[in-house]
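To find a chain, count down the sequence lines: A is the first, B the second, and so on, and within it residues start at 1.
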Amino acid sequence: MYHHLISLMILFPFIGALLQAFLPGLASNLSKEAAKWIALGSSSLGSLFAIFLIFSMEAQTADLQAVEALPWVGSYAISYEMGIDGLNALPVLLIAILFPLLVASEWNQKLGVRGLHGLFLTLQSAFFGVACAQDLFLMFFFWAFSALPFYFLIGIWGGEKRESAAFRSVVAASAGNALFFAALILIYYSVDPHSFLLHDLAGGKLSGKTFEFLGYEFPVSGLAFFLVSAGLAFRAPVWPFHGWFTHVAEQAPLPVFVALSAATVPMTVYIFVRLCYSLFPETLVDCAQIIVVVGTVNLLVGGICAVSQKGLRLLLAYVCLSEMGLLLVGVGSLSSSGLVGVVYQQLVLGLGLAGFGLFSGIVNDRTGHATFIGENGQRILGGIATQAPAVALVAGVVIASLLGLPGFGGFVGHSLVIIGSFTVHPGTVLLAAGALLLASYCFFTMYRFIFLGDLGASVARFEDLTIRERVYLLPLVVGLLFFGIYPKPLLELVRPTVLTLLSTVK
Amino acid sequence: MNNLVNAPEALLLSMLLSLTIGIVLIAWGKKIPQSGVWLGWFALIALLTGLISSGQVFVEEGWKPRQWLRGWIWPHDQVGAITIGILEDAMGLCMATLFVLVSMVLLANRSILQKEARPDRFYSALVISVSGALLSWLSGTPWTAFIGLALCVFGGFVCMGSRWTLEKEARIASRYGAERAWGLGLAILGACGLAVSRSALVWENDTIWLIPATVSLVDQAGTGFLVLGLMIQLQPFPLSGWVISPSEVPVPWRILLAQVFPAGAAFAVLIRLDPELRAIGVYPGLGWVHLGSVVFAVASGVTQASWRLGLGAWISSGFSLAAAALAFSGPWAALSLLIGTSLAALALASSGLILELSGGTGVSGRKKALWAKATCFSAAAAGTGVLGFVPAGGWVHWLAQMWSDPTHVAALSLVLYLSTVLGWKLAWNIARSKHNPQTTWYSVLSALFCIVLSLGVIWNGAITAAPLSSDGGEQILPSLLDFFFRETRDKPSEEAVIGAFWVFNANVVLGVATAYWVARKREPLRSKTPAMQRITAFLSSSYGIDALLGRVIYEIGRIGAWTQELLDQRIWGKWIPQWMNQGIRYTASSATRIDRRFSWGLEKSVQHAVEVPAKMLQLIQSGDLQWYLFIAISAGLAVLVHFFLND
């Protein structure tokens with residue numbers, strides 16, 4: 001039934017990326033046009049395979065589906081094993097929706113369009129690989145691979161301080177990857193026979209195992225958990241390792257920052273959930289409080305810093321930081337509602353952040369900046385709703401979802417995370433309420449300063465969405481509404497896997 | 001209660017159609033002929049048809065409530081489920097019909113929007129809001145009611161922001177939106193808390209809630225959030241800043257869409273969850289907070305220079321009174337006050353707007369002015385509960401229930417008096433107008449329709465609305481309110497009712513007299529000393545709460561900026577890279593230095609090790625040292641060493 005759909009969805013964007021690199025030079029315009037269409041086609045084709053795969057999945061089962069297994073490096077038991085279940089179906093869907101839109105959003109890019117699209121396609125392949133890999137080494141391979149394109153994307157197409165931003169992003173990613181790799185090796189040598197396969201390592205295989213260093217014994221599970229957590233914290237905006245993220249937010253092109261926030265963040269959470277719940281259940285239970293505390297700090301720092309923002313880029317970054325906190329609170333809740341909420345929120349948060357980022361990009365393209373309040377608190381933009389009602393509508397839908405208003409995707413994710421956390425961490429929920437109030441204030445202020453009121457001094461004429469922009473924003477808006485109104489099919493897909501994972505924890 | 005397998009299709013379809021029309025109007029209203037007013041009518045008629053069809057089935061099935069439930073998130077009978085559904089009962093259907101009728105009255109009064117550049121925005125807001133209000137009152141679960149509430153809030157935002165090109169209006173609209181979103185978010189948060197440990201959060205599950213032993217801390221926290229969130233929708237003090245901000249949005253539209261509909265939708269949840277909230281024990285506190293809010297709102301309203309702003313404060317105090325009535329007395333009194341306040345405010349706003357118009361000539365103009373003034377006083381009577389209007393019953397019932405507690409009676413008397421003063425002062429102020437309005441008779445008389453709807457005889461069947469005894473001759477129709485809450489209303493003793501009746505009437509008379517005295521002199525409080533002027537300014541600015549909130553937000557922003565500066569700019573942007581850079585450089589240079597020294601030492605050692613024998617060999621080779629002499633000396637030294645060592 002599946003016919004290597006996973007491999008196809010990884011392969012097609014990668015082929016597209018290779019074609020971008022090796023496409024023979026034609027007359028310059030023709031070559032550029034061909035490159036763009038090849039990029040869009042290969043990205044969309046990969047996404048279509050992914051969407052078809054998800055639609056053909058059986059609900060109400062926790063089993064891994066569409067499994068593909070091939071030996072890769074036999075002597076080290078590394079294999080190419082892929083599969084999809086309730087936990088990774090939604091991240092796959094997110095990547096499938098996101099990347100064709102990102103390619104389309106950079107359609108008019110003048111500088112190095114082939115390189116840009118090639119790197120986006122590489123990222124798409126890498127993220128599909130991360131989501132579906134069932135072999136720890138393979139997962140690491142794709143995960144580490146996904147860090148590199150960001151370096152070039154930021155370093156070549158970024159703002160004035162792009163070099164430092166690119167450097168900081170790659171340093172953070174390398175540090176994170178190094179820690180992850182150390183965990184991987186530790187895990188590999190701790191089980192007998194040595195294996196990287198997740199199903200071989202799951203089920204408490206690491207519990208009770210120790211690791212001797214300088215005469216001291218360390219529990220493998222605890223040490224690996226720490227290394228994985230720290231490694232992932234470097235890649236996602238987790239306080240206090242988020243400094244590079246806000247720097248990148250200021251310098252990266254907005255579609256690149258969308259890929260970083262809307263794809264990397266959910267993917268990091270996915271890896272964390274997948275590994276922690278299946279490989280280190282005991283440590284997870286012991287450390288749940290710490291996860292929740294880190295999440296709460298993220299929520300508050302993100303919320304408080306968002307209040308002081310005058311530009312869309314950093315506002316997006318701090319909203320992302322805050323939402324990351326909510327996801328961590330859900331992970332630490334160790335409850336079915338909380339965890340299903342986290343998985344669902346990965347999808348809708350990704351779409352919401354992408355929508356916000358792309359809308360910011362549109363503002364940036366039209367006005368040359370994404371600042372809405374001046375240094376002295378004066379209005380810079382304003383009154384755009386009159387000139388560009390479609391932009392105002394898109395922004396409204398995205399904000400409503402990020403705020404978790406009923407009928408929008410964010411409502412489902414937020415509600416489930418809160419339901420899951422309320423009994424376990426009521427204090428955190430109280431702080432989450434505070435963060436929610438701050439977020440509401442930020443978004444309404446931002447909306448007023450951009451869309452309502454007098455026409456801003458710097459906005460002589462603000463063009464409404466073009467057909468191309470409408471086409472690529474439509475899936476996001478429809479997705480946020482559809483996943484908010486009718487979440488049942490996706491929840492039924494996620495829940496059995498979550499319950500199975502929780503049964504191992506409990 | 002009948003549990004339905006099939007959805008109430010007519011009702012749901014009418015709501016869906018209405019919502020679609022609302023969205024179409026907001027998106028393309030400008031391009032639709034007549035700004036889409038006919039689409040607005042179409043939506044309202046569809047809603048009314050849906051309600052009639054539903055009501056017909058309700059009557060045919062013996063007046064039994066019908067419920068339709070579906071799991072939205074998880075199956076509907078599961079713990080933690082988020083369930084949606086429709087409950088068709090007498091109260092829901094009546095309140096929904098009332099809202100549709102009032103909306104039709106407003107929509108028909110087109111002269112109000114004559115000067116508006118974009119009336120389509122108002123039509124869209126009306127259609128969306130009324131759909132939301134309907135959904136809230138006919139909801140089977142809090143979650144459905146929240147969707148309705150969200151629609152009402154959105155409609156209110158569109159209405160408030162209809163003149164969004166003006167900075168002042170945009171500021172009020174965004175503040176309105178943010179506060180309502182806070183309220184909605186907190187209510188949802190609270191409902192999530194309540195949904196955690198119990199069966200699905202559905203109105204009919206109240207029996208599970210009424211066991212005190214099962215009330216946990218989480219329930220209390222959840223209830224606290226829920227009630228706080230819903231309270232915000234009632235715009236009590238101190239969240240009434242936007243209410244007393246001057247706005248050019250036509251007053252009746254602003255009142256209906258931004259104040260009455262969202263508050264009504266919130267009340268639907270409060271009334272439906274009344275048994276649960278009472279069991280958990282949040283009510284006494286909630287009641288006192290609202291009574292306090294009434295005092296603050298009235299004091300702020302009395303000092304407002306414009307009747308429009310005073311009216312906003314009066315509505316705010318009216319909703320707080322209804323919430324307090326719910327807490328201390330129950331839904332019977334609360335609904336009476338809510339209906340009275342909402343309809344009276346709408347009538348007062350419409351007549352006030354008419355009396356501001358000028359250009360009317362002749363007898364017709366004078367007659368219109370006279371009728372508008374009569375409507376104005378009738379509205380004040382309806383809102384403050386003069387005998388004959390529905391709030392009178394609520395007040396007497398409430399006072400009678402509290403009769404044995406003098407503190408309560410005194411507090412209620414005070415708030416009743418204050419509310420009456422403000423309501424009648426507004427009426428006097430509005431009626432002082434000398435203009436003869438140039439408007440249609442429909443505009444003048446449409447407000448009267450609201451007054452008629454607030455007559456006690458419609459809601460509790462009694463001519464006075466507050467019958468002294470249940471078997472009195474003034475009860476000419478069966479009481480709708482009794483039918484709504486037949487199981488929950490506690491009948492006070494006849495002696496208490498008589499006592500409450502006289503206290504109530506005395507307060508109203510005293511309030512009307514005071515209002516006349518206050519309104520006779522234009523702004524009596526402002527004309528006093530500078531200190532009094534400062535106090536008045538302080539009161540009319542809602543006690544400086546706005547400034548305080550602004551300051552709090554500013555300080556949070558400063559903390560955010562400081563955190564960002566410290567964490568991102570200094571620690572991660574400067575110090576850590578510097579430390580890392582210096583650390584790496586120092587480590588590298590140290591390693592290089594050590595390596596050089598080591599290499600140098602090694603080199604020297606090797607050099608020394610090689611140099612001595614090499615020199616020796618060189619000496620021998622060059623003939624400077626004879627080899628036999630060398631061997632002889634070496635042998636001699638070897639013999640000496642041997643003897644030394646043996647000794």
Legend entry - Which of B:A191, B:G71, B:S174 touches chain A most, by non-hydrogen pairs under 4.5 Å: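 Result: the option with the highest number of such pairs is B:S174.
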
Based on non-hydrogen pairs under 4.5 Å, which of [options] is most in contact with chain B?
{"options": "A:F451, A:F411, A:F245", "answer": "A:F411"}
{"options": "A:G484, A:A400, A:G303, A:A306", "answer": "A:G484"}
{"options": "A:L403, A:L430, A:V301, A:I304", "answer": "A:I304"}
{"options": "A:R168, A:Q309, A:H414", "answer": "A:R168"}

Please look at [X] and chain A and tell me whether the side chain, the backbone, both or neither of the residue comes under 4.5 angstrom of a heavy atom of that chain.
{"X": "B:R118", "value": "neither"}
{"X": "B:L189", "value": "both"}
{"X": "B:W562", "value": "neither"}
{"X": "B:F225", "value": "side chain"}
{"X": "B:A561", "value": "both"}
{"X": "B:I188", "value": "side chain"}
{"X": "B:L166", "value": "backbone"}

Legend entry - Partner of A:P406 under side-chain contact (heavy atoms from CB on, under 4.5 Å), chosen from B:T144, B:L151, B:I147: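 Exactly one pass, corresponding to B:I147.
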
Can you see which heavy atom on [X] is nearest to which on [Y], and at what distance?
{"X": "B:A181", "Y": "A:F444", "result": "CB-CE1, 3.6 Å"}
{"X": "A:G407", "Y": "B:W72", "result": "N-CH2, 4.0 Å"}
{"X": "A:L436", "Y": "B:G185", "result": "CD2-CA, 3.7 Å"}
{"X": "A:S308", "Y": "B:G557", "result": "CB-O, 2.9 Å"}

Mark yes when over 12 heavy atoms from residues, nucleotides or ligands other than [X] sit less than 6.0 Å from its [atom1]; otherwise mark no.
{"X": "B:W28", "atom1": "CH2", "value": "no"}
{"X": "B:F154", "atom1": "CZ", "value": "no"}
{"X": "B:W182", "atom1": "CH2", "value": "yes"}
{"X": "A:K161", "atom1": "NZ", "value": "no"}
{"X": "B:R558", "atom1": "CZ", "value": "no"}
{"X": "A:E160", "atom1": "CD", "value": "no"}

Toward chain B, the part of [X] with a non-hydrogen atom under 4.5 Å:
{"X": "A:F449", "result": "neither"}
{"X": "A:I419", "result": "both"}
{"X": "A:F241", "result": "both"}
{"X": "A:I485", "result": "backbone"}
{"X": "A:E492", "result": "neither"}

So, taking the atom named [atom1] in [X] and the one named [atom2] in [Y], what distance separates them when rounded to the nearest 0.5 Å?
{"X": "A:S415", "Y": "B:I82", "atom1": "OG", "atom2": "CD1", "value": "4.0 Å"}
{"X": "A:L405", "Y": "B:L149", "atom1": "CG", "atom2": "CG", "value": "10.5 Å"}
{"X": "B:I556", "Y": "A:L437", "atom1": "CD1", "atom2": "CG", "value": "9.0 Å"}
{"X": "B:R175", "Y": "A:T445", "atom1": "CZ", "atom2": "OG1", "value": "11.5 Å"}

Inset, instruction - Look at B:E167 together with A:R448 and state whether they make a salt bridge at an N to O cut-off of under 4.0 Å. - result: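 The answer is yes: the pair qualifies as a salt bridge.
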
